[in-house]
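Read through the structure below, which is laid out as structure tokens, and then see the notes.
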Amino acid sequence: MTAVPSRATRIWVALSGVAGVAMLIAHFQIPAHVPGDDSPPATVIQYVLHHHDAILATAWLQGFGPFPYVLFALGVVYLAGAMTRLAGWVTLLASAVILTLSLIDAAFTISAAEAVTHGHAVTALVSFDLVDGPGNDAVGRMFLIAPPLLLPLGAVVLGSRLLPRALGYTAVAFGVASIILGLAALFSSTAFSLAIILIIAESAWVLAAAGILVISRKPASAAAAASRPLPQGTGSRTSASPPQ
């Protein structure tokens, strides 16, 4: 018989989501008043020099912060009993892509900060351009092009009774919107700027799902119940049949 995940597991999954959202928000706030990539090179260099430590801090937030975020997503997959379903595997794949891109983003952020202190202004400017917008930020645009995490996660929710179906449909809608916005952002700085609205909406979704995981006392998923073996010896001829 498949064991139903404990309430403590649900709480830890929920806390991972909250921590991921908190670190994401902090990453966008630290440091404040970042100049755009269309600013004069001297302005960018001076900003990096004056905010060196804060830039390194936000690099850490960008590199490590997505870990609890995707841990929440994978926790939902686990609680929903979808570890062996296609939607669960796609969620795992999307999580791996997000972690990889986040580390690349953090690497260029560290490069921008450290290159300035070592007198490599050109390296610093190139690194800054790769992670800052609105005109460049190639890594930021890659996040929108990458497989959207909430799309398969929404399918997981819809295939279980872990969370309300409304959250499943909303997650799928966010995933589709991310794909459309990712394409549009390649050709429009305005579309890229709208990504922050999607990020806020997705963060609200994670917080809502985390809250429901904590307060809900329903069974973890229909999939978990379905995976339990059928009782034997019920009198049916098919009960003694070998598995097909």
Side-chain angles (χ1 to χ4, degrees), residues 15-73 95-146 148-149 178 181-182 184-207:
L15 289 177
S16 295
V18 173
V21 170
M23 296 179 78
L24 179 66
I25 294 174
H27 162 67
F28 280 112
Q29 298 298 321
I30 302 172
H33 308 298
V34 179
D37 55 14
D38 54 355
S39 301
T43 300
V44 173
I45 295 299
Q46 287 301 313
Y47 181 87
V48 174
L49 281 173
H50 293 159
H51 298 84
H52 176 267
D53 292 347
I55 291 173
L56 291 181
T58 200
W60 181 85
L61 289 169
Q62 176 65 8
F64 181 77
F67 176 71
Y69 196 96
V70 301
L71 189 61
F72 165 81
S95 298
V97 172
I98 288 176
L99 290 177
T100 301
L101 288 176
S102 297
L103 290 173
I104 292 173
D105 195 316
F108 282 122
T109 303
I110 294 171
S111 174
E114 293 300 294
V116 167
T117 60
H118 291 85
H120 297 170
V122 174
T123 300
L125 291 171
V126 171
S127 299
F128 187 84
D129 280 347
L130 287 170
V131 295
D132 188 52
N136 295 317
D137 197 357
V139 179
R141 283 173 166 79
M142 285 301 299
F143 276 103
L144 292 175
I145 296 175
L149 180 63
S178 179
L181 195 60
L186 292 176
F187 306 96
S188 170
S189 296
T190 301
F192 179 69
S193 299
L194 291 176
I196 189 63
I197 299 176
L198 181 62
I199 292 172
I200 293 172
E202 291 177 341
S203 297
W205 187 95
V206 171
L207 294 177

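Hydrogens, waters and symmetry mates are skipped; everything else that's a heavy atom, side chains included, is used. The shown structure was predicted, so the numbers you read here are calculated from the model rather than taken from an experiment.
To the nearest 0.5 Å, the span separating CG on Leu130 from CE on Met142 amounts to 12.0 Å. The distance from atom NE2 of His118 to atom CD of Glu114, rounded to the nearest 0.5 Å, is 6.0 Å. Distance check: Ile197 CD1 to Ile200 CD1 gives 7.0 Å after rounding to the nearest 0.5 Å.
Considering all non-hydrogen atoms of both residues, Leu144 and Ala185 come closest at CD1-CB, 3.9 Å. Across all their heavy atoms, His52 and Thr117 have their closest contact at CD2-CG2, 3.3 Å. For Pro35 against Ser39, the heavy-atom pair with the smallest separation is CB-OG, 3.5 Å. For the pair Leu149 and Ser95, the tightest heavy-atom approach, listed with the atom from each and the gap, is CD1-OG, 3.4 Å. In this structure, Phe128 and Ala112 approach most closely via the heavy-atom pair N-CB, 4.1 Å.
Using bins of under 30°, 30° to 60° and over 60° for the plane-to-plane angle, the ring pair Tyr47/His51 lands in the parallel bin.
Residues meeting the side chain to side chain contact (heavy atoms under 4.5 Å, CB included) test with Asp37, sequence neighbours left out: Asp129, Asp132, Pro134, Asn136. Taking Ala204 as the reference, nothing meets the side chain to side chain contact (heavy atoms under 4.5 Å, CB included) condition, with sequence neighbours excluded.
Shown here is Phe108, whose CZ atom has no more than 12 heavy atoms of other residues, nucleotides or ligands within 6.0 Å.
Looking only at side-chain heavy atoms (C-beta outward), Phe143 and Ser178 stay at 4.5 Å or farther from each other. For the pair Ile25 and Ser203, the minimum side-chain heavy-atom distance is 4.5 Å or more. A heavy-atom distance below 4.5 Å is found between the side chains of Val97 and Leu101. Side-chain contact between Phe72 and Val21: absent, with no pair of heavy atoms (C-beta onward) separated by less than 4.5 Å.
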Practice item. Decide side-chain contact (heavy atoms from CB on, under 4.5 Å) for Ile45 and Leu49; before the verdict, give the C-alpha distance in whole Å, the side-chain angles of both, and the deciding distance to 0.1 Å. Key: CA-CA 6 Å; Ile45 295 299; Leu49 281 173; 4.2 Å; yes
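In this structure a side-chain-to-backbone donor-acceptor pair under 3.5 Å is present from Ser127 to Thr123. Remark: side-chain polar atoms of Ser111 are not paired, donor with acceptor, to backbone N or O of Ala107 under 3.5 angstrom.
Exactly one residue among Asp137, Leu181, Leu186 makes a side-chain contact (heavy atoms from CB on, under 4.5 Å) with Phe192. That residue is Asp137.
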Donor-acceptor list for residues 56-71 side chains, cut-off 3.5 Å, not counting sequence neighbours:
from	atom 1	to	atom 2	distance (Å)
Thr58	OG1	His27	O	3.0
Thr58	OG1	His27	ND1	2.9
Thr58	OG1	Ile30	O	2.7
Gln62	OE1	His27	NE2	3.1

